[in-house]
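Reckoned from all heavy atoms, side chains included, excluding hydrogens, waters and symmetry mates. All residue numbers refer to positions in the sequence shown, counting from 1.
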Amino acid sequence: MEVKLRIAHLYPDLLNIYADRGNIIALRRRCQWRGIGVVLDGFTLGEEPAWMDYDFFYLSGGQDREQNLVCGDLQQKGAGLEEAVESGAVLLSICGGYQLLGEYYRAADGGTMEGVGLFQAHTIAGRDRCIGNVVIETTVTGSPLKLAGFENHAGRTWLDEGQEPLGRVINGHGNNDQDGGEGIVYRNAIGTYLHGPLLPKNTAFTDHLLRLALEHRYGEGVELAPLDDSLEEAARQAALRLGG
Ligand code: GLN
């Protein structure tokens with residue numbers, strides 16, 4: 001049986017900022033190096049994936065303008081995406097994508113974009129932007145792990161009571177520059193402000209998501225062959241020293 005990772009990239013033409021496409025390249029290469037096949041399909045406005053055909057959904061960041069363009073269409077896709085997440089599929093959403101999966105995003109111009117409500121959180125734009133390198137500590141992989149990234153957002157995201165952030169901010173602003181939380185986790189769905197791109201920089205996290213996605217299709221106990229990550233690890237350590 002040929003093992004394959006099936007990725008649905010949502011709005012690849014509209015949501016791609018700070019080289020977020022690098023996350024897809026990292027997933028692809030780490031599969032190829034292990035002899036794992038990759039199906040990668042993009043879905044933009046008006047295109048509906050067969051949700052259960054995919055194990056990894058990716059929604060990246062964008063400016064308010066692009067967020068406005070995808071917002072209504074994403075509402076249409078919301079039920080399918082939720083069904084996939086409830087079944088255990090992996091969803092990685094970055095910055096603008098993360099905001100639109102919450103309850104709403106009130107942008108800097110005062111307009112409100114309705115969210116999908118997959119994440120119990122809402123976002124309100126502040127007067128200034130949260131910009132710079134970020135380091136967070138997460139335990140989502142089962143043990144404490146520092147992630148390095150870069151953030152640039154006006155939105156401040158507030159998680160509803162009882163919701164779990166992806167990690168705690170060590171350096172940078174995170175969700176709202178106040179409560180020390182960064183991102184959100186719901187089942188295998190993750191929202192985060194970390195561009196970076198995140199996945200090439202943080203390979204243990206990448207492999208964790210990869211394993212979860214493969215287990216969604218093939219059941220528990222997926223073993224990923226080890227890779228020589230010495231260069232990636234040296235880059236991550238350097239980034240951590242520089243604050244992300
Ligand atoms: N437009 C959103 C904000 O400024 C998201 C930006 C982004 O995705 N980098 O908060």
Side-chain angles (χ1 to χ4, degrees), residues 9-24 42-48 57-82 85 91-134 136 149-161 163 165-167 169 171-186 189-198 244:
H9 187 172
L10 303 180
Y11 314 107
D13 52 338
L14 292 167
L15 297 182
N16 177 46
I17 204 167
Y18 305 115
D20 279 342
R21 204 167 286 153
N23 289 328
I24 296 284
F43 297 92
T44 188
L45 301 176
E47 296 174 351
E48 181 86 3
F57 295 89
Y58 182 59
L59 185 64
S60 156
Q63 316 274 10
D64 289 8
R65 184 182 165 276
E66 283 76 27
Q67 287 178 280
N68 257 311
L69 287 173
V70 307
C71 172
D73 189 84
L74 188 58
Q75 304 280 316
Q76 307 290 317
K77 292 183 169 65
L81 192 54
E82 273 186 57
V85 166
L91 164 64
L92 177 63
S93 60
I94 316 281
C95 200
Y98 163 34
Q99 293 171 346
L100 291 180
L101 292 177
E103 285 144 4
Y104 62 88
Y105 169 41
R106 190 174 312 141
D109 66 3
T112 298
M113 299 178 214
E114 283 303 315
V116 165
L118 181 85
F119 295 135
Q120 290 180 35
H122 65 274
T123 303
I124 298 175
R127 285 208 193 90
D128 53 349
R129 301 189 68 82
C130 299
I131 306 177
N133 292 331
V134 196
I136 68 167
F150 168 79
E151 63 183 335
N152 183 349
H153 52 105
R156 270 63 167 177
T157 299
W158 299 94
L159 273 48
D160 291 0
E161 191 72 34
Q163 299 306 299
L166 172 63
V169 175
N171 181 55
H173 305 277
N175 277 338
N176 51 51
D177 211 17
Q178 285 186 42
D179 66 12
E182 202 298 310
I184 194 167
V185 181
Y186 170 69
I190 287 171
T192 179
Y193 276 110
L194 270 62
H195 301 278
L198 176 64

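- Every residue two or more places apart in sequence or in another chain that forms a side chain to side chain donor-acceptor pair (under 3.5 Å) with Tyr186 is listed here: Glu86.
- Using modelled atom types, no side-chain atom of Glu182 and backbone atom of Leu166 make a donor-acceptor pair closer than 3.5 Å.
- In this view, Asp64 and Tyr105 satisfy the side chain to side chain donor-acceptor pair (under 3.5 Å) rule, not counting sequence neighbours.
- Counting heavy atoms from C-beta on, the side chains of Leu101 and Leu59 come closer than 4.5 Å.
- Between Arg65 and Leu69, the closest side-chain pair of non-hydrogen atoms falls below 4.5 Å.
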Side-chain donor-acceptor contacts of residues 93-100 below 3.5 Å, not counting sequence neighbours, with atom names and distances?
from, atom 1, to, atom 2, distance (Å)
Ser93, OG, Ile190, O, 2.9
Tyr98, OH, Asn175, OD1, 2.8
Gln99, OE1, Gln67, NE2, 2.9
Gln99, NE2, Tyr193, OH, 2.9

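- A salt bridge (charged side-chain N to carboxylate O under 4.0 Å, His left out) check over residues 105-114, counting only residues at least two apart or in different chains, returns nothing.
- Listed for the Asp73 side chain is a donor-acceptor partner under 3.5 Å among the backbone atoms of Gly46.
- For the ring-ring contact (aromatic ring centres under 6.0 Å, His included) test, residues two or more places apart in sequence or in another chain that qualify with Tyr58 are His9.
- Under the side chain to side chain donor-acceptor pair (under 3.5 Å) criterion, Thr44 pairs with Asp13, not counting sequence neighbours.
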Please tabulate, one pair per line, all N/O donor-acceptor pairs under 3.5 Å involving side-chain atoms of residues 124-132, not counting sequence neighbours.
from, atom 1, to, atom 2, distance (Å)
Asp128, OD1, Arg156, NH2, 2.7
Arg129, NE, Asn152, OD1, 2.8
Arg129, NH2, Asn152, O, 3.4
Arg129, NH2, Asn152, OD1, 3.3

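- Qualifying ring-ring contact (aromatic ring centres under 6.0 Å, His included) partners for Tyr18, counting only residues two or more places apart in sequence or in other chains: Phe150, His195.
- Heavy-atom minimum distance, Met113 versus Ala107: CE-CB, 4.1 Å.
- With sequence neighbours excluded, no residue forms a side-chain contact (heavy atoms from CB on, under 4.5 Å) with Glu161.
- With values rounded to the nearest 0.5 angstrom, Leu14 atom CG is found 12.0 Å from Gln63 atom CD.
- For the atom pair OG1 of Thr112 and OH of Tyr104, the computed distance is 7.5 Å after rounding to the nearest 0.5 Å.
- In this structure the side chain of Asp160 reaches within 4.5 angstrom of the side chain of Glu103, judged on heavy atoms.
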Point to revise | Derivation and outcome, side chain to side chain contact (heavy atoms under 4.5 Å, CB included), residues Leu15 and Val70 | key: CA-CA 9 Å; Leu15 297 182; Val70 307; 4.2 Å; yes
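- Closest approach of Gly155 to Thr123, counting heavy atoms only: CA-CG2, 3.5 Å.
- Applying the side-chain contact (heavy atoms from CB on, under 4.5 Å) criterion to Ala121, with sequence neighbours excluded, gives Thr157, Leu159, Ile184.
- With contacts defined as side-chain heavy-atom distances shorter than 4.5 Å, the pair Leu198/Thr192 qualifies.
- Between Leu74 and Tyr11, some side-chain heavy-atom pair lies under the 4.5 Å cut-off.
- Taken to the nearest 0.5 Å, the NE2 atom of His153 stands 12.0 Å off from the CD1 atom of Ile17.
- Residues Pro12 and Gly42 approach most closely at CG-CA, 4.0 Å, considering heavy atoms.
- By the ring-ring contact (aromatic ring centres under 6.0 Å, His included) test, Phe57 is found to be paired with Trp51, residues two or more places apart in sequence or in another chain being considered.
- The backbone N or O of Gly115 lies less than 3.5 Å from a partner atom in the side chain of Gln75, making a donor-acceptor pair.
- Of all the heavy atoms in Val116 and Glu82, the pair that sits closest is O-OE2, 3.8 Å.
- With hydrogens and angles ignored, the 3.5 Å screen pairs a side-chain donor or acceptor of Lys77 with a backbone N or O of Glu47.
- When the side chain to side chain donor-acceptor pair (under 3.5 Å) test is applied to Asn16, no partner is found at least two apart in sequence or on another chain.
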